[in-house]
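Just so it is clear, the values below take in all heavy atoms, side chains as well, and ignore hydrogens, waters and symmetry mates. Each chain gets a letter, A, B and so on, in the order the sequences are listed, and its residues count up from 1.
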Amino acid sequence: MSEQTRSETAEQTSEKLVELAKRRGYFFQSSGAYGGVGGFYSFGPQGAALKGNVEDAWRDRFAVQEGNMEIDAPTIMPEPVFEASGHLDGFDDMLVECPDCGESHRADHVVEDNTDYEDAESLPIPEVEEVIAEHELVCPSCGAGLAGQAVEAFNLMFETNIGPGDSDPGYLRPETAQGIFVEFPRLKEYARNQLPFGVTQIGRAYRNEISPRRSIIRTREFTQAELEYFVDPEEDEPDLESVEDVEVTLYPASEQNSEDGGELEITIGEAVDEGIIANEWVAYYLGVAKPWYGAVGVDMDRFRFRQHLSGERAHYAADCWDAESEIDGNWIELAGFAYRSDYDLSKHDEYSDDRFTIFKQYDEPKTVERATVDPDMSYLGPEFGGAAGDVVDELETLAERDRSAFEGDVVEIELEDESETHEIPVEKTGFSVDEETIAGEHIVPHVVEPSFGVDRLVYTVLHHAYREDEVDGEERTYLELEPEVAPTFVGVFPLQNDDDLEAVADDIVDDLRDAGLSVTYDDSGNIGRRYRRQDEVGTPFCVTVDYETIENEETTVTVRERDTTDQKRLPVEDLAETLAAIREGNLEFEDL
RNA sequence: GCGCCGGUGGUCUAGUGGUAGGACAUGAGCUUCCCAAGCUCAUAGCCCGGGUUCAAUUCCCGGCCGGCGCACCA
């Protein structure tokens, strides 16, 4: 198949999928009755169920199985949070439009690329405009002068007001992560001040994208599933052994930069040994994520991990890999795996009143000698008046720096803005050297962040599940969804409209629902049409009650499998148990 | 945000300066003993605003929305 043909086929798949999604209740543009609004999508009944199942699978793997804790924080947080996180500045793009060719460019980039300014982003807008005029900067595309063009600020965060008036601005979070970081002081208490520990959150995040694109792949409101794993960088190590044999497709930065670079098939263990994945924590989570993606239905032949190029890394990330899936011949980002070091917690520690540190107890308490002063204020006060406080500070500093200064009868000190030295009798300083026991120190934990985009994953799962084939000469469309995530697990039909058949079918529906399965009942049209209907939404199994069911002594029904359309006759008695076992992955249909 | 193209029942689409036709889907009924069959009937549509015109779904302008390209995506 030629490149072009393949891409055309892929486009058709995407179009058909979007059409199916609208028609069958997977997802569709929201507020359609009011003309629609860009970048916002609603998940319909099928889509919401699929998404919920994917989230449950994520929760099970990344919270429950990993022993992490899940929280649920607000989507709106006050301005200071984002001052600390860097989103208020860093998320603020300055755009300047070329008067000639009409192209928009990042004004700060234009300035940085052509002047000595290194951090133009931090400059106020009027100043950027001035710099552009002074240096007679030109449009990178066509070379026309940009002097005099207005620079416009565009912040990707949605702003709102908390309470009445506009004195208390708030923002819709641009990533769920901040909700975890901000609550760290309380979460660390909950974790009993022990590293390492992990906190997960599944929730919405918001970015006022300049141009949302490609249905639910890039929207303005989306769902993230994030894990923030807090570690002691000196002590904690991931359980690499448990994932070292996981085979992955890697696309490292070095390969992306080289002309004939390509993807590597390699195990996690080898990739770490060869230094391809520099950070062991990142390697560990790549190893955890890969089989998980496979289990929810991502086609592993259209999946890879790509390392960020140095230029595209976020301000905090030391090393970063993305999980990517191929859609329409393009690679889209499904997840980011970043080692964020202590960036976030340090910032919040600095900006807030709380401590974002963990007290790390030493194996053995350390005993240190410490020189301290305890000045006699009844002497220093009258002697130095208002400068007494400064004198105390100076004495404290001096004691730490130079004990020998206290060996004589008097101590000589210099105050900052005075040239003359002052002499203070040593006995008035309260100088002493004491042994002090130090049990540990406060450290800022480092954080490893696997961050998953749920909507894109749902899209990928649907796209990779889309199938067309022929059954008895008739075309068929079906979704080969994994039973674990399929929105509806089983359809139950009476073969025909017949009160006796319907009664049995109703009972079966109740039984299956009692067993915790997602069931749909359908008695309209002929049986083939009902099978096709379920195929199209990806229901893995259909149960049909026929006359044999009610005529024979042993009550049996046919169970039809979606992908093969094979049917087997099973006793109604064990039906719920059998199907539940299949859903749990403990039993295969073909082995029945 | 810029440029190009587009917007007709739930979905896909035909067509027109005098307000629309099909296919599929959906509902009711008939038929039907396992894969989108057949028959009858029914429900349902010209994105929004302004302009031109006796008359606009159609032509013009603007907006909204979508696709693609550019830019953006911490």
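At the heavy-atom level, A:Gly39 lies under 4.0 Å from the strands shown only through sugar-phosphate atoms.
Proximity note for A:Lys22 (side chain, C-beta onward) versus B:C12, B:C35, B:C65: the nearest is B:C12. Of the candidate nucleotides B:C34, B:C35, B:C73, B:C34 has the atom lying nearest to any side-chain atom of A:Leu495. Of the candidate nucleotides B:C73, B:C35, B:C34, B:C35 has the atom lying nearest to any side-chain atom of A:Asp472. For A:Val471, whose side chain is taken as the heavy atoms from C-beta onward, the closest listed nucleotide among B:C35, B:A36, B:C34 is B:C35. Taking every side-chain heavy atom of A:Arg23 into account, B:U11 is the closest of B:U11, B:C33, B:C35. Of the listed nucleotides (B:C68, B:C34, B:U32), B:U32 has the atom at the smallest distance from the side chain of A:Asn497.
Under the Watson-Crick or G-U wobble criterion, with both distances below 3.5 Å, B:C24 is paired with B:G10.
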Could you walk me through whether A:Arg456 and A:Glu333 pass the side-chain contact (heavy atoms from CB on, under 4.5 Å) check? CA-CA 8 Å; A:Arg456 291 171 166 197; A:Glu333 180 189 343; 3.5 Å; yes

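The residue among A:Tyr547 and A:Glu475 whose nearest nucleotide of RNA chain B lies closer to the 5′ end is A:Tyr547.
Between A:Arg529 and B:A25 there is a side-chain polar atom (N or O) within less than 4.0 angstrom of OP1 or OP2. Contact between the side-chain N/O atoms of A:Asn526 and the OP1/OP2 oxygens of B:U32 is not found at any separation under 4.0 Å. The phosphate of B:G66 (OP1 or OP2) has a side-chain N or O of A:Gln29 nearer than 4.0 angstrom. Between A:Gln496 and the phosphate of B:U32, there is no side-chain N or O to OP1/OP2 separation shorter than 4.0 Å.
At a threshold of 4.0 Å, the pair A:Asp535-A:Arg560 counts as salt-bridged, since one of the basic side-chain nitrogens sits closer than that to a carboxylate oxygen. The existence of a salt bridge linking A:Glu19 and A:Arg23 is confirmed by a sub-4.0 Å separation between a basic side-chain nitrogen and an acidic carboxylate oxygen.
Distance noted for atom C1' between B:U8 and B:U58: 11 Å (whole Å). With C1' as the reference atom, B:C65 and B:C34 are 44 Å apart, rounded to whole Å. Atom name C1', nucleotides B:U19 and B:C47: the rounded distance is 16 Å, in whole Å. As rounded to the nearest Å, B:C60 and B:A20 have C1' atoms that lie 23 Å from one another. With both ends at atom C1', the span from B:G63 to B:G1 equals 16 Å, rounded to whole Å. Rounded to whole Å, the C1' atom of B:A44 lies 11 Å from the corresponding atom of B:A25.
Between A:Phe40 and A:Phe222, the ring centre distance reaches or exceeds 6.0 Å.
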